[in-house]
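Remarks on the structure that follows.
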Amino acid sequence: AAGNAVVVKPSEVSEHTARLVAELLPKYLDPDLYPVVTGGVAETTDLLTHRFDHILYTGSTAVGKIVMAAAAKHLTPVTLELGGKSPCYIDKDCDLTVACRRIAWGKYLNCGQTCIAPDYVLCEPSIQAQVVENIKATLQEFYGDDVKSSPDYERIINKRHFRRVLALLEGQKIAHGGESDEASCFIAPTILTDVSPEAKVMQEEIFGPILPIVPVKSVDEAIEFINGREKPLALYVFSNNKQLINRVISETTSGGVTANDVVMHFFLPSLPFGGVGHSGMGAYHGQHTFDTFSHHRSCLIKDLKMERANKLRYPPGSQKKVDWAKFFLLKRWNWGRVGLITLALLGVVAAVVIKVSLG
Amino acid sequence: NPYAGLVSRLRASWLTGKTRPMEYRVAQLEALGRFLDEKQQDILEALASDMHEPSFEAEYCNILLCKNELNNTLNKLDTWMKDEHVEKNLVTQLDSAFIRKDPYGVVLIVAPWHCPIFAALVPLIGAIAAGEWELCQSRTLRAPAAGRMVMTAAAKHLTPVTLELGGKNPCYVSDHCELQIAARRVAWGRFFHAGQTCVAPNYVLCSAAVRDKLVGALREAIAEFYGPNPKESPDFARIADDEQFQRLRALLGSGRVAIGGQADERERYIAPTVLVDVQPSDPVMQESILGPILPIITVTGVDEAIDFINARERPLVVYVFSSDKKVVNQVLERTSSGGFCGNDTMMHMTLVSLPFGGIGESGLGRYHGQFTFDTFSHLRGCLQRTTALEAVTALRYPPYGAHKTGLVRAACELKRHGACALL
């Protein structure tokens, strides 16, 4: 929409989709201007040595740094959609049934492999058990008794990520789930309780169907916890108390926020979608994508007339000229007062005209 | 690293939330205003010592324009800080959807030597307004190499950057224009601050027929501004330091001197100079001049001028002088640059409502006015959902089914305008 030529590089990890895009997109779009390039790390590294006028990268924080460093050689502006651990704070005072259903939906969607899934939950120890029970009940509603045979539950993308995610369960208290099957890259929807902030599962973005619950004493501790870590892509808070929600939003920062639900801010195109800090820079969706790929060029078109007014700015200088420059640059008209006076004058004129024409 | 302690202290201060309330930001901005008012004389004297800067230029750029930015910011800060409510779709009708302007945290502003006050204070104003803690530094750097270095360093921490770099700003003077007026405006832009501004017209493109008349008009304009001997004029600045002076003096060898050409090392004075018969391969055409030298290159017409401009790195500004609106629009449409100004030089910079920034080698990002505030704000998309209507929300949960999918599609679908369902 912004009028650029685009090189599209799908991820080699989703190999079937990448092949499909590479084959079919050129059949619809002008291949002279919208080629698709496939490949892995080596190909991407080669691609990045070339000069582009903008790069939009979606992926991990580590690779984001590499992309930006490569872009720096050509002073190419970048939009980086990265990841992070998106926290989800559940207040004591909230409709726990609805909250847990929404969290379960967002967490296990695509088997946890979305950048904006609620990564971990923060809540007071007194409601931890209820949260677990509610999510268990929801999972039953969504996927039935046997998750593995539900057509609505996905698998981990490949063996490497399967092993990575499974390793995060080591030494943890599994309150629900934990089953896995390497052959089909299946990991059951899993909930961990009483997770320590130092645990391995709390050190990296999970990107899988594991939901750690980290107990906190209060919303103050939750806010401190969130602020003590890298800025996340999304932040979630569940509460009936509007002031608490506002406080959490005001005292933290994140790419985006959904309160009393998860993921949904992603689906509103009028909201800019992007990260901050290690979760990314820049934004897109809706008009924000158009703006991201446009250079907003300031234009001032003057006339060669009215040259007399310009004499104020030319040398030789003088205090008088400075005073006039101040007048033109700094003066702010209070149209309110002038408007009122003008209106009053017009009123008088109108009254006189009417009187004269009637009289 | 001598700054490690400073940066972590700044971050700790920022985390206390001190900069969040508008009152705090307003107080700091007002203090900056008092600095400009109370220390105006000191500022002008310092600028005069650095560059023999004429007081009109110094006051205009460093005091007036900064105060303009300050007042604009103070007038509008409450509006800028407000949550921006956005259009909602059917699914989110009962929700609150808005963009929250979050400060980033700790920012670094690196200012250049050629406009040390303006380029430090204008970003500072916006950064304070946006709630940041700032670290300001002044350096002598040569863009865009310096820009690359800054961005590479920033990449290690994924720090977003705004780079205001330089470039060779072309100025096309067409056959159809009031040459005397054009020459005056070009001369003003080129020799203001002895050419040491990033937005000065760097070189002129015009036809052979116009060239000599233009040179004559420029000579007249220079005499009008600075008298018969610019060295004696209090309104003509000096070069900032010896390194810059030597660099500029070497450029005087390109082409042939039509006006000026004198240099005095003791005073770091370089006369307002116009060079003709310049070749594109000459040294004066290889870098941003940042001095009072104006090369003129002849072209056959607007098409050749546009090709010449497009064959080079995209500049910070493109200038065109013509009484024919079509010519101005042609150059605007067929070139690319940070900004554009028709029939004048530098004036687009004085409007706080226009974003100021480069593209390609001339820079990345923009500022001035509200754009500074936005540059230093993270625009955070926020959706506050209602917990009511769970039955409607339930449409999105598994188990999935055709009827559910249909309803969800109907609730979320955005149709293209003009697509009539009846036809």
Side-chain angles (χ1 to χ4, degrees), chain A residues 53 61 64-65 68-69 72-73 75 77 80 95 98 101-102 105 141-143 150 152 227 245 249-251 253-261 264-265 268 270-273 276-278 281 283 295-304 307 310 313-317 321-322 325-326 329-330, chain B residues 15 17 54 56 59-60 64 67-68 86-89 92 97 99-100 102 144 147-148 151-152 155-156 158 160 163 177-178 181-182 188 225-226 235 323 328 332 337 339-344 347-348 351 354-356 359-361 364 378-385 387 390 397-400:
Chain A
D53 299 308
T61 300
K65 292 183 184 178
M68 190 173 171
K73 294 199 176 71
L75 289 172
L80 303 173
D95 185 336
V98 172
R101 191 181 298 122
R102 294 181 179 189
W105 172 73
E141 272 172 47
F142 287 179
Y143 307 116
S150 163
D152 300 326
N227 287 341
I245 292 178
I249 298 179
S250 300
E251 292 179 27
T253 190
S254 61
V257 175
T258 296
N260 286 330
D261 206 337
M264 293 301 284
H265 63 288
L268 197 53
S270 48
L271 285 177
F273 179 73
V276 65
H278 277 202
M281 62 179 73
H295 168 59
H296 291 209
R297 192 179 186 191
S298 290
C299 300
L300 179 66
I301 301 185
K302 299 199 76 180
D303 221 279
L304 284 166
E307 184 62 355
N310 270 347
R313 75 187 200 209
Y314 299 140
K321 282 190 180 181
V322 173
K326 274 186 178 147
L329 279 184
L330 293 178
Chain B
L15 276 171
F56 175 79
E59 198 173 337
Y60 185 87
L64 287 181
K67 288 215 72 180
N68 213 10
V86 300
E87 210 181 304
K88 294 185 283 200
N89 54 22
T92 46
I99 301 173
R100 165 67 53 92
D102 267 358
R148 277 188 258 275
M151 192 169 169
T152 305
K156 294 197 179 73
L158 286 171
L163 303 173
C177 80
E178 298 254 12
I181 297 175
W188 177 72
F225 293 171
Y226 309 115
D235 298 323
S323 346
V328 175
L332 173 58
S337 60
F340 180 92
C341 191
N343 289 327
D344 210 336
M347 291 304 285
H348 64 296
L351 266 179
L354 281 177
F356 177 74
I359 183 174
E361 296 269 301
L364 193 155
H378 165 58
L379 302 181
R380 191 180 185 192
C382 300
L383 182 64
Q384 287 199 24
R385 298 219 70 204
T387 46
E390 184 60 358
Y397 301 137
Y400 303 126

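The chains referred to below are lettered A, B, ... by the order of the sequence lines, with proteins before strands, and numbering in each begins at 1.
Only the side chain of B:Leu351 has a heavy atom closer than 4.5 Å to any heavy atom of chain A. In this structure, the portions of A:Met68 lying under 4.5 Å from any heavy atom of chain B include both its backbone and its side chain. Neither the backbone nor the side chain of A:Phe273 comes within contact range of chain B; no heavy atom of the residue lies under 4.5 Å from a heavy atom of that chain. Both the backbone and the side chain of A:Leu304 come within less than 4.5 Å of a heavy atom in chain B. Residue contact with chain B, scored on non-hydrogen atoms closer than 4.5 Å, is absent for A:Ala283. For chain A, the nearby part of B:Arg100 is the side chain; its heavy atoms alone come within less than 4.5 Å. With a threshold of 4.5 angstrom between heavy atoms, A:Ser150 does not approach chain B through any atom at all. For A:His278, the parts lying near chain B are the backbone and the side chain together; criterion is any non-hydrogen pair under 4.5 Å. Contacts of B:Pro54 with chain A are absent, with no heavy-atom separation under 4.5 Å from either backbone or side chain.
Atom CE in A:Met264 sits 7.5 Å away from atom CG in B:Asn89 (nearest 0.5 Å). Rounding to the nearest 0.5 angstrom, the gap separating the OG1 atom in B:Thr152 from the CG atom in A:Leu75 is 8.5 Å.
In terms of heavy-atom pairs under 4.5 Å with chain B, the best-connected choice from A:Gly256, A:Gly277, A:Ser250, A:Ala69 is A:Ser250. Comparing B:Asp344, B:Val328, B:Asp102 by heavy-atom pairs within less than 4.5 Å of chain A, the highest count is held by B:Asp344. Of the residues considered (B:Cys341, B:Ala182, B:Ser337), B:Ser337 shows the highest number of contacts with chain A, using heavy-atom pairs under 4.5 Å. Contact count against chain A (heavy-atom pairs under 4.5 Å) is highest for B:Phe340 among B:Tyr226, B:Phe356, B:Phe340. Counting heavy-atom pairs closer than 4.5 Å to chain B, the top residue among A:Ile301, A:Asp261, A:Leu80 is A:Asp261. Comparing A:Glu141, A:His265, A:Lys302 by heavy-atom pairs within less than 4.5 Å of chain B, the highest count is held by A:Lys302. Contacts with chain B were tallied for A:Thr253, A:Asn227, A:Asp95, A:Val98; A:Thr253 has the most, counting heavy-atom pairs under 4.5 Å.
No more than 12 heavy atoms of other residues, nucleotides or ligands sit less than 6.0 Å from atom CD of B:Glu178. More than 12 heavy-atom neighbours from other residues, nucleotides or ligands sit within 6.0 angstrom of CD on B:Glu390.
B:Arg148 places no side-chain N or O within 3.5 Å of a backbone atom of A:Ala72 that could act as its donor or acceptor partner. No side-chain donor-acceptor contact under 3.5 Å links A:Arg297 to the backbone of B:Ile359. A donor-acceptor pair is defined here as one N or O able to donate and one able to accept, closer than 3.5 Å; such a pair exists between the side chain of A:Asp152 and the backbone of B:Tyr400.
Taking the side chain as every heavy atom from C-beta outward, A:Ile249 and B:Gln384 approach each other to under 4.5 Å. In this structure, A:Val276 and B:Arg380 have side chains that are not in contact, with every pair of non-hydrogen atoms separated by 4.5 Å or more.
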Checklist entry - When you look at B:Asn343 and A:Asp303, which way does the side chain to side chain contact (heavy atoms under 4.5 Å, CB included) test go after all the steps? => result CA-CA 6 Å; B:Asn343 289 327; A:Asp303 221 279; 5.8 Å; no
